[in-house]
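Remarks on the structure that follows.
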Amino acid sequence: MIFPKPIFEEYGDGTYTLKKYLKGLTLVELYAEYKNGNEDLKLKKVSGMIEDEYNLTIDENGILVEYSFENGVFRAVSSLKQLIHKCGEKLPFAKICDKPDFKKRSYMLDISRGRIPKVEFIEKLIDLLSDLKYNEFQLYMENFCYKFPEFPQFTENFDCLTPEDMVHLDKYCRERFIDLVPNQNCFGHMATWLATEELSYLEIGDENTKTGTINILHPDTIKVVEKIFDSVLPYFSSEYVNIGLDEAYGLGRFQLEEICKEKGNARVFMDYLNQVADLIRTKYGKKVMFWSDMVYDAKDEFELIPPGAYALNWGYDERKTVMMERRCMALLEKGIPYYICPGTANWVAFTGRYDVMWLNVQSCAEMGRRHGAEG
């Protein structure tokens, strides 16, 4: 009856009639009614449960929620909300026990390529994610979908999300026990930035070839990257930031060719990863996540991944998804915390490719659980 399906779910023949029938409330409103208990619901804090874990019991005495962490109560209320919606004021006797397979259950929305969503749309998505027991949300920013305070000239002629919007959405997420993680690329996927007149000199390539990759050897690059993060990170409370680094097609080419021949692509990548991670740690007190595709086959360099960083192991089609398991095993072997990241195959399609999406999500969930993915 509950979705997503709990670990254990059993229903009896009897019913309990709510003394206070809270009909039509949002999850946040319902949680406010139940978080300290009331005439229908009692709370029992126990030891030994993980975050987001709960036991929900409904019998002739009412509703009992057992938990160790506050977010466990919130997840229990999420399940209770579904029962109230389906059954009304007469709830079936039930025993529901649930805990997550993954510590981090994250959803990433690309707001860069296509129409920029309004705050109201993002709020509705956050509400849905909250009902589905997600606890992390990322807004992927690649192009000028956001008014970067340090670069006002790039968005002066059109409307987009603002720092004030991010502060609002961050609070909106926290109220739903969701961590809003900033997501800003700073190596590959920089074509829009590097197409501007003032930053074009930082692009790896030549007059005939544009790679969309910023030149990490140029002394101005880290200054520009710092200004970008100055424009983003103060408006997010998360302890993490996703710094991207995927699909850096200029790595090993043009301006980076000589140093990559000398040190190897993976070492050059890791040096830059650590440079950015050090900046973010010392200036903002945050840790990084990064897409690990540029160093998938460089296991010897895994030891250079910054402490506390999450590697994001992704695969967006059948072939890449099948290849992800050995990468999961390599990350686990080296003791590197990682997420496994399937794609939903909704891009370049009117309706999405459901068959590809289903394979991606199911396969990644199974292999991530087998090989210790944290998210």
E70/Y31 under side chain to side chain donor-acceptor pair (under 3.5 Å): CA gap, chis, key distance, verdict: CA-CA 11 Å; E70 187 178 358; Y31 176 66; 2.9 Å; yes
Using 0.5 Å steps for rounding, measure from the [atom1] atom of [X] to the [atom2] atom of [Y].
| X | Y | atom1 | atom2 | result |
| --- | --- | --- | --- | --- |
| E374 | K104 | CD | NZ | 9.0 Å |
| D52 | Y134 | CG | OH | 13.5 Å |
| I2 | I96 | CD1 | CD1 | 4.5 Å |
| M190 | N215 | CE | CG | 12.0 Å |

Would you check, one step at a time, whether the test side chain to side chain donor-acceptor pair (under 3.5 Å) holds for D179 with Y240? CA-CA 9 Å; D179 186 24; Y240 275 93; over 6 Å; no
Determine, step by step, whether T221 and Y272 satisfy the side chain to side chain donor-acceptor pair (under 3.5 Å) criterion, reporting the C-alpha distance in whole Å, the side-chain angles of both residues, the deciding distance to 0.1 Å, and the verdict. CA-CA 11 Å; T221 289; Y272 181 62; over 6 Å; no
So [X] and [Y], would you call those rings parallel, tilted or perpendicular, with 30° and 60° as cut-offs?
| X | Y | answer |
| --- | --- | --- |
| F187 | F269 | tilted |
| F177 | F74 | tilted |
| F151 | F154 | parallel |
| W358 | Y354 | parallel |

Using the side chain to side chain donor-acceptor pair (under 3.5 Å) rule, take D127 and Y172 through it: C-alpha gap first, then chi angles, then the decisive distance, then the call. CA-CA 9 Å; D127 287 337; Y172 199 86; 3.0 Å; yes
With side chains defined as the heavy atoms from C-beta onward, is the minimum distance between V295 and E301 less than 4.5 Å?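 Side chain of V295 against side chain of E301, heavy atoms only: no contact under 4.5 Å found.
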Tell me if the CZ atom of R174 is crowded by more than 12 foreign heavy atoms within 6.0 Å.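 Yes, enclosed.
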By the definition side-chain contact (heavy atoms from CB on, under 4.5 Å), identify the one residue from V28, L129, N135, N71 that meets it with R176.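 Between R176 and the candidates, side-chain contact (heavy atoms from CB on, under 4.5 Å) is satisfied uniquely by V28.
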Going by atom types alone, do Y16 and D40 pair a side-chain donor with an acceptor below 3.5 Å?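 A pair is found: one side chain offers a donor N or O, the other an acceptor, under 3.5 Å apart.
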Check the pair Q275, D278 against side-chain contact (heavy atoms from CB on, under 4.5 Å), reporting the backbone distance first and the verdict last. CA-CA 5 Å; Q275 185 181 22; D278 287 345; 5.9 Å; no
